[in-house]
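Chain naming here is simple, since letters A, B, ... match the order of the sequence lines and numbering starts at 1 in each. All heavy atoms count here, side chains included; hydrogens, waters and symmetry mates do not.
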Amino acid sequence: MSDFPDDMPFFGDPAAPRAQAGGTGAPEGIAARALKARGGAPNYLQGLNPEQRLAVETTEGPVLVLAGAGTGKTRVLTARIAHILSQGLAYPSQILAVTFTNRAAREMKERIGVLVGGAVEGMPWLGTFHSIGVKILRRHAELAGLRSDFTILDTDDVIRLIKQLIQVEGLDDKRWPARTFANMIDGWKNKGLAPSEIPEGDARAFADGRGRKLYQAYQDRLKTLNACDFGDLLCHPIRILRANPDILREYNARFKYILVDEYQDTNTAQYMWLRLLAQRPETARSPSSPAGPSPRTRGEGSSVNVDAPLSPSLRGEGKGEGQSSTINICCVGDDDQSIYGWRGAEVDNILRFDKDFPGAAVIRLERNYRSTAHILGAASHLIAHNEGRLGKTLFTDAANADDDKVHVHAAWDSEEEARAVGETIEQAQRKGHLLNNMAILVRASFQMREFEDRFVTLGLNYRVIGGPRFYERLEIRDAMAYFRVVAQPADDLAFERIVNTPKRGLGEAAIRQVHDYARARDIPMLAAATDLVATEELKPKPRSALKQVVDNFNRWHSLLDSKPHTELAEMILDESGYTAIWQNDRTAEAPGRLENLKELIRSMEEYESLRGFLEHVALVMDAEKNEDLDAVNIMTLHSAKGLEFETVFLPGWEEGLFPHQRSLDEGGRSGLEEERRLAYVGLTRAKKNLHIWFVSNRRIHGMWQSTIPSRFLEELPEAHVEVSESGNSYGGYGQSRFDRADPFQNNYSTPGWQRAQANRSEATRSNWGSRSGANVERIGYGETDSGFGAGRGSVKGRMIDGELVAKSVSDTPSAFKPGDRVFHTKFGNGNVASIDGNKLTIDFDRAGQKRVLDNFVQRV
DNA sequence: CGCGCAAGAGAGCGT
DNA sequence: CTCTTGCGCG
């Protein structure tokens, strides 16, 4: 079986196209089409600035393109591929182009198609690290102890599996949460570490020193399940390539050109993977030991020890016949946009590029085509507070006196923040702006809800990108579990999920029996079930129920290759009784769930087979968004990278949320710098209008807490920022018509408010101004931002980790007693009903019972 | 065994 | 405040 139509020519290509401009070996059609597209002059070069053009045309040798935000990075990448193709330097199938997100891969494919005119036939190696990893792994699955139809587990499956292992070990799963261990494994795999290779300290840190054993047990279980996790999609190929020089050589000969997007986000495993693939064919040789050398650990040395050292670069040597003698790798990235350190990304990879690839050409793209001078100025000034940058200076010609400065708004609480943003959006809409051109970028996804609620009330269209995902819905996961077992009968996790859905009288006892039988013999549960129903071991009722399940799966499985997969899928859902569950369900959400199941079947039509579909879901996990609908985009800052919008809203700029407390706790100074890069990413998404918000009160874990403004606000340059009245126009700060329903709100002369102000200015040492009259007047810069260079010293002093951080929970016991009469600025007067640490339950006279933090109320 | 309610824990970002 | 887990009953 071949899932990959391009497999055929893979190792049996005709002679490689000659590496000569306009070489006669060029694949027919593409070059001709590209040239034809605009009267002989390649259209893909048109409109490129000199640096961009250099980045496109420097095809030979290692190239690092440092591309600042909005400098046309994607354009360069796509033009470069178009150039390589149309110059006949390589076949499409000889180009390895790696991105981080499926979105980026899709976009590149489309844009290359436009550039070379028509569909890009066969760019089989353009994709994400993981999709290409899967492809390699399926080809050589047996070398990793898997069959080529292996399943890719998602995070949920992984956690359930680990939980089982922890219980088997007899460990307390409360004390040793599966989620924590899943994260640890992920971290190891990000570094390419097998169980035998993890640091002793790490191994000891979990489960009383049983970390290594558990990791090994996890890998063993994956093998039995014929499954792998996300990390394995990279780690398995690395091991396979290391242990099999012949295979490595084939790939090395295969890939004439390598392109990597978002290079600053590569982790150690991805780096090792690239280094292996980016070797010259003739230098690939066998590893010194079967296991391969130990991978680099953080901070050690300056290069990764891959088996075959790279031979000295022969850059500029001119193109030889047949194959180039240089490593034609082009990495594009921006150290200022490195925001995945927590996922194991090593900015070091990009900082070290010219040492890894001697003689590398480094090209800087600094001309920004996206944002106004104010936005760019604000972003540049903010990011200048980071140390250890490669240092780029973005500039733009687009200085326009009419451009708005960056707006900073204050709101009383997150509800008002959502209201005011909604107001601003509606105003813009009335002026004719499309909602599609606006985005709300949040730090944490829980912030989204408030906006969603508000927009529903307003009847304002919105879409959540990367939010609660289609494939994570209950009914979809159930249906997928059925399909997974049919496609890959060893998938126990899927089997366990649906063996008793719908209810078949197979309770915990029966399932345990199957489970134990399977574990004892190291076979999949479906196989165990098949055995068990032939014996007398089960009670009659579960036995016949289980027999029916087994028979069903066998029958469905036998139809896998003969029946069209969408029909088969419908058949499975009907015959299993799964559809009936929701048909008989009279609750409000049942019709929606049935609709989702139909949508699921519909979306399968685009794929060739059930397995192809399952793989897509495992790797992509997001449903295509409806571009036809005009809607505001809501997403996290992380998923906004690479996008741009006319108008951008950045809510929640408060200490503890942004920068996020956990980044500071776990990452210290570098954690703070990563948060700052995230802020930079957020700012640079905006083309014309940028609105930043912070609130004084935010609800966390259902409890109101007072907050202080983010330090990042103070790092914005005064010249480009304007502190605005709140987004509405209803009588000043915070008092919109929507507030009337709540008579307790917004009394700035109250003790609580005064106290909040006192806390605030103490904590930030800034002059945010008492807002007793109306609005924040101005942002103070006195000691911080006297300029890029000069500012840094004082900034450094101010930036001691954690110094300014809002504490989420107070250490000091509450000074309140039950029965105390208190005042709360939002809810009014009330009596303390009970106390739990610093959390008070208060019966308010008019607002009812609420739980609040004690530092949020005032004794009266 | 299955359902329902109560208590307890818990929300950072994602291929 | 919201979701998951655990326990007790029918």
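We find that A/Glu415 and A/Arg454 are not joined by a salt bridge, their nearest charged nitrogen and carboxylate oxygen being 4.0 Å or further apart. Taking 4.0 Å as the cut-off between side-chain N and carboxylate O, A/Arg484 and A/Asp491 count as a salt-bridged pair. Of the charged side-chain nitrogens involved, none lies within less than 4.0 Å of a carboxylate oxygen, so that A/Lys191 and A/Asp186 do not count as a salt-bridged pair.
Of the candidate nucleotides B/dT15, B/dG14, B/dG12, B/dG12 has the atom nearest to the side chain of A/Glu675. Considering only side-chain atoms of A/Asn102, the nucleotide from C/dT2, B/dT15, B/dC13 that sits closest is B/dT15.
Regarding A/Arg443, its CZ atom lies at a distance of 9 Å from the P atom of B/dG14, rounded to whole Å. Between A/Ile465 atom CD1 and B/dC13 atom C1' there is a gap of 16 Å when expressed in whole angstrom units. Straight-line distance from the CG atom of A/Asp453 to the P atom of C/dT2: 9 Å, rounded to whole Å. Summarising the geometry, the separation between CD1 on A/Ile700 and P on B/dG12 is reported as 10 Å, rounded to the nearest angstrom. Summarising the geometry, the separation between CG on A/Leu637 and C1' on B/dG14 is reported as 14 Å, rounded to the nearest angstrom. Computed from coordinates, the A/Leu664 CG to B/dG12 P distance equals 14 Å when rounded to whole Å. For A/Arg103 and B/dG14, the CZ to P distance is 11 Å, given to the nearest whole Å. Look at CG on A/Leu474: it is 10 Å from P on C/dT4, rounded to the nearest Å.
Between A/Glu654 and A/Ser710, the side chains place no donor N or O within less than 3.5 Å of an acceptor N or O (distance only, hydrogens not considered). A donor atom on one side chain and an acceptor atom on the other are found under 3.5 Å apart for A/Asp478 and A/Tyr578.
You won't find any donor-acceptor pair under 3.5 Å spanning the side chain of A/Arg343 and the base of B/dG14, going by distance alone. One can find a donor-acceptor pair under 3.5 Å joining the base of B/dG14 and the side-chain atoms of A/Asp186.
Heavy-atom distances to DNA chain B give each of A/Gln447 and A/Asn190 a nearest nucleotide, and the one nearer the 5′ end belongs to A/Gln447.
A side-chain donor-acceptor contact under 3.5 Å links A/Arg543 to the backbone of A/Val533.
With centres under 5.5 Å and a plane angle under 30° as the test, the ring of A/Phe100 is not stacked against the base of B/dT15. Residue-nucleotide stacking is present for A/Trp342 and B/dC13, judged by a side-chain ring centre under 5.5 Å from the six-membered base ring centre and planes under 30° apart.
When both pairing distances are held under 3.5 Å, C/dG8 makes a Watson-Crick or G-U pair with B/dC3. For B/dA11, there is no paired base (Watson-Crick or G-U wobble, both distances below 3.5 Å).
Base engagement by A/Glu666 is indicated by at least one non-hydrogen atom pair under 4.0 Å involving a base atom.
Within the 4.0 Å cut-off from OP1 or OP2 of B/dG14, at least one side-chain nitrogen or oxygen of A/Thr636 is found. Proximity of A/Arg662 to the phosphate of B/dG12: a side-chain N or O atom is located under 4.0 Å from OP1 or OP2. OP1 or OP2 of B/dC13 lies within a sub-4.0 Å distance of a side-chain N or O belonging to A/Ser445.
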- Could you encode protein contacts along nucleotides 1-10 of chain B as a string, one character per nucleotide from 5' to 3', using B for base contact, S for sugar-phosphate-only contact and - for no contact, with a heavy-atom cut-off of under 4.0 Å? SSS------B

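Closest of all the heavy-atom pairs between A/Leu171 and A/Ala207 is CD1-CB, 3.5 Å.
The aromatic rings of A/His616 and A/Tyr471 lie perpendicular to each other, with more than 60° between the two planes, well past the 30° mark.
Spacing of P atoms, B/dA11 relative to C/dG6, comes out at 15 Å, to the nearest Å.
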